[in-house]
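Take a look at the structure set out below.
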Amino acid sequence: MTSSSGTHPPPWRNVRVLRAGGQTFFLLTVGTLIWFFLSNLSQNLSDQNLPTGWDYLEQPTNFRISGAEDFRPTQPVWKALLIGLKNTALVSFAGIVLASVLGLFLGMGRLSNNWLIRKAVGFYTETIRNIPLLVLIIFLYFAIVLRLPNIKEPFILFDTVVVSQRGIWLPWTEGDAIFWGAVLLAATAAGITALWRTKRSEQTGIPHHRVLYGAGAFVFLTIAGYFLMGSPVSLTLPEHSGRHVDGGIKVLSEYLALLLGLTLYTASHIGEIIRGSIQAVPKGQSEAANTLALSAFHRMRFVVLPQAARIMLPLLTNQYLNLVKNSSLAVAIGYMEITQITRLVMNQGNPGVPNIALLMLFYLVFSLCISALTNVLNQRLQYVGH
Amino acid sequence: MAAIQPSPSSNDLQPPYTRTTPLSWVLQNLFNNWYNTVFTLFFGVILSYAAYRGLRFFFVTARWEIVETNLTNLMVGQFPRNELERVWAALFLLGGSGGFIAGQAKQLSTQDPTSPPPSPGREQILDFVRRAWPFTILVLFLLRLSRSTTIMLLILALVALTGAGRLIGARIPGASPKRITIFALATACATLLLLLFNGPPSQEWGGLLLTVFLSTVSILASFPLGILLALGRRSSLPAIRFVCVGYIEVIRGVPLITLLLLSTILKLFLPPNSFDPNDITRAAVVLALFTAAYVAEIMRGGFQAIPQGQIEAAQALGLVPIQTIRLIGLPQAIRKVVPALVGQFISLLKDTSLVSIIGLSDILKVSRSFTSQDDFVGKGLTAETLAAACLVYWALCFTMSKESKRLEERLGVGER
């Protein structure tokens, strides 16, 4: 160690120089790799005279979209993509709600003290989790939904639901859309009422009964609004005649199979998450609640579930994200969501790279937004202190 | 109800012995209060009906001829029939050395003083049944359909060879994790060589063979990349960290199907007139790149779980960073994440079904093609073919997930 440079080591042993050099070298390598692929891409595109750029978004679509009857093939591609987005949102939202409900039941069933329910839920979970979702969706569509009765002689349930191969018709409402705006307002008012009750309870100590007050406000306002606006909406029942069904709302058979598949699959995972997080709450907590003579419901509601929720939240959002990503498996059965529409657009001879880039961007932005939201929620839910 | 017997006359008090009669068990577990009685009756009826329909389909109404005729297709796709010896040879190689590795691993675990003492033979057989029943069901189902004495004899020989390998593995002394790893890698290479060397072109591969091949190759290839990404994500150099985080988050944020769609135009990203990768290579590359991001997150968890003191001790001993990772970090991290890695492998095996969408004849695509054959077209046999594919996936995944759970208990993850 007879270095003449005193406190400064030579550059090849100086950690700061080495770190900067290493990072520069790494970035250069990655950059060269990306540049290599992109230059190949532009070379190949010009060699093979392939279309480039984003002009295709304004071109006519040239195919029909089942389930969107007012869409014409002459309308531009971007409109078709918007319909795809809407369909992805439709199936994902319904899937998330249904899977959560079913998953909650499955999770509770697996913790039940009834042997039959415990074993049945265990069997269901182990079966569904070990079959690929794609196989499940294809099975539901080709072996179950498409085997439903023909449209000529459908299966009619209580005169209100028409079940056939082509889809299911359910009772629906028709009439003024403004009414639904009024319902939204009523819901907001109910929420404010519940908040007011909570605050008042905290100030005065009287029981809040916020659910009762909130629900009461909602029901009262909705009924009042309905009569004030002069019966703006009415119920329509599907009516079957020959090869047609009039009235009601049609649920496409592809939508049905995809929704069923996503729900059954995700619910089996959600059930396991709920079971795991309830079991992960230390046993001492339950025992302490028993010592304080809380009832089984209060023990669950005020002691176990709030702590289980902290464990559950990140895992559940992960499952919801997975469900949205898995809705892309619709390509196997032809439900017109964003991936399937992108694929059809590509098959029309439109450029592949911008198409796929747009598709990936959509999923990516969505995932990152949800992750950011979860992080915020997660921080607010964690224990304060320490 | 439960009857309490008097404690034995010895001085140390035994816990009260409760005898469970079948009746008391039923009363306690099915009808212990009014709502459980309602649940039991209600679900009992529904479940019995579902079980009746399911079993009736499986044993009576299902027309398995369609699977029976196409059994070879289901297993290997269009693999040339005069080259099938390759597949059998590969199976025998895997069986023999798999048994050998299991024997050596058994030796390792008995060296561990904390492991339970060896159990008697009858219990070992029971243990095997408990572990491998889903896979056994699959083999029996396939044997029942094949109706061929040759195949049955071959399977028996395979089982015998695996058992022999295990016995030999348990006898040959000096087992070590290093030897087991080298032996496993050598087996994998030899199997690949056996299947690929001068073999049929890749577009003739299909069925279960393709599914297993794709998932195995992808997980093996994704492992080193995943470790590098995990290390990069934990690196103190911001540029490396940034690139690795970006890669992991982008890949995990998009569905696999979009990446597979991208792989169909992969050729556009390669130099003009250079090599043109075939479908299987492209799919394997995409699956490996996809899985690497997930493996990276698993490995990151493993690295994070190592106590800081271990790394500090390594530094105090004067190990350079690479030695610290190789000798101290990796062995402990891998030990912690083995069950999670098996889980990832299961999910990869399920995800390979997506390659059927971009036109590869994996087990799903092959089984769906049966219904368009001349003999079976328009007979409505979709349920049978898909049920056969489901059974194959279920047996493989379920066996592996049971093994991974067992491994988790053995390694005591989360307890040490």
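All chains are named by letter (A, B, ...) in the order of the sequence lines, taking the proteins before the strands, and each is independently numbered beginning at 1.
- Atom-to-atom distance recorded for B:Ser235:OG and A:Gln23:CD is 7.0 Å, nearest 0.5 angstrom.
- For A:Leu361, no part lies under 4.5 angstrom from a heavy atom of chain B.
- The shortest distance between side-chain heavy atoms of A:Leu364 and B:Val250 falls below 4.5 Å.
- Side chain to side chain, A:Arg19 and B:Ser236 meet the donor-acceptor criterion of an N or O pair below 3.5 Å.
- Looking at A:Val365, neither its backbone nor its side chain comes within 4.5 Å of chain B, counting heavy atoms on both sides.
- Contact annotation for A:Leu116: both backbone and side-chain heavy atoms come within less than 4.5 Å of a heavy atom of chain B.
- The line from CG of A:Asn114 to OG1 of B:Thr40 is 3.5 Å long, rounded to the nearest 0.5 Å.
- Taking 4.5 Å as the limit, some side-chain heavy atom of A:Met360 sits within range of a side-chain heavy atom of B:Leu259.
- Of the listed residues (B:Ile265, B:Ile240, B:Leu47, B:Thr352), the one with the most heavy-atom contacts under 4.5 Å to chain A is B:Ile240.
- B:Leu262 contributes atom CG, which lies 11.5 Å from atom CG of A:Asn355 (distance to the nearest 0.5 angstrom).
- Applying a 4.5 Å heavy-atom cutoff, the residues of residues 353-363 of chain B that approach chain A are B:Ser353, B:Leu354, B:Ser356, B:Ile357.
- Contact of the B:Leu261 side chain with the A:Arg343 side chain is registered, since non-hydrogen atoms from C-beta on lie closer than 4.5 Å.
- The line from CD1 of B:Ile257 to OH of A:Tyr363 is 9.5 Å long, rounded to the nearest 0.5 Å.
- B:Leu381 and A:Arg147 get closest at one heavy-atom pair: N-NH2, 4.4 Å.
- Contact annotation for A:Gln43: only side-chain heavy atoms (C-beta onward) come within less than 4.5 Å of a heavy atom of chain B.
- Interatomic distance, CG of A:Asn318 versus CZ of B:Arg252, reported as 6.5 Å (0.5 Å rounding).
- With a 4.5 angstrom heavy-atom cutoff, A:Ile356 touches chain B only via side-chain atoms.
- Heavy-atom distances place the side chain of A:Asp47, and not its backbone, under 4.5 Å from chain B.
- Listed for the A:Asn44 side chain is a donor-acceptor partner under 3.5 Å among the backbone atoms of B:Leu270.
- Listed for the A:Asn130 side chain is no donor-acceptor partner under 3.5 Å among the backbone atoms of B:Trp394.
- Side-chain contact between A:Thr342 and B:Thr258 is absent, with no heavy-atom pair separated by less than 4.5 Å.
- Taking chain A as the reference chain and counting heavy-atom pairs below 4.5 Å, the highest number among B:Thr382, B:Leu364, B:Leu349 is found for B:Leu364.
- Atom SG in B:Cys397 sits 9.0 Å away from atom CD1 in A:Ile131 (nearest 0.5 Å).
- Counting heavy-atom pairs closer than 4.5 Å to chain B, the top residue among A:Thr24, A:Leu133, A:Ile144, A:Ile117 is A:Ile117.
- Across all their heavy atoms, A:Ser367 and B:Gly253 have their closest contact at OG-O, 3.0 Å.
- Here the closest non-hydrogen pair linking B:Ala383 and A:Phe139 is O-CE1, 3.8 Å.
- The choice from B:Glu384, B:Arg368, B:Lys350, B:Met400 that makes the most heavy-atom pairs within less than 4.5 Å of chain A is B:Lys350.
- Residues B:Phe269 and A:Phe37 share a closest heavy-atom pair of O-CD2, 3.1 Å.
- Between B:Leu237 and A:Phe26, every side-chain heavy-atom pair lies at or beyond the 4.5 Å cut-off.
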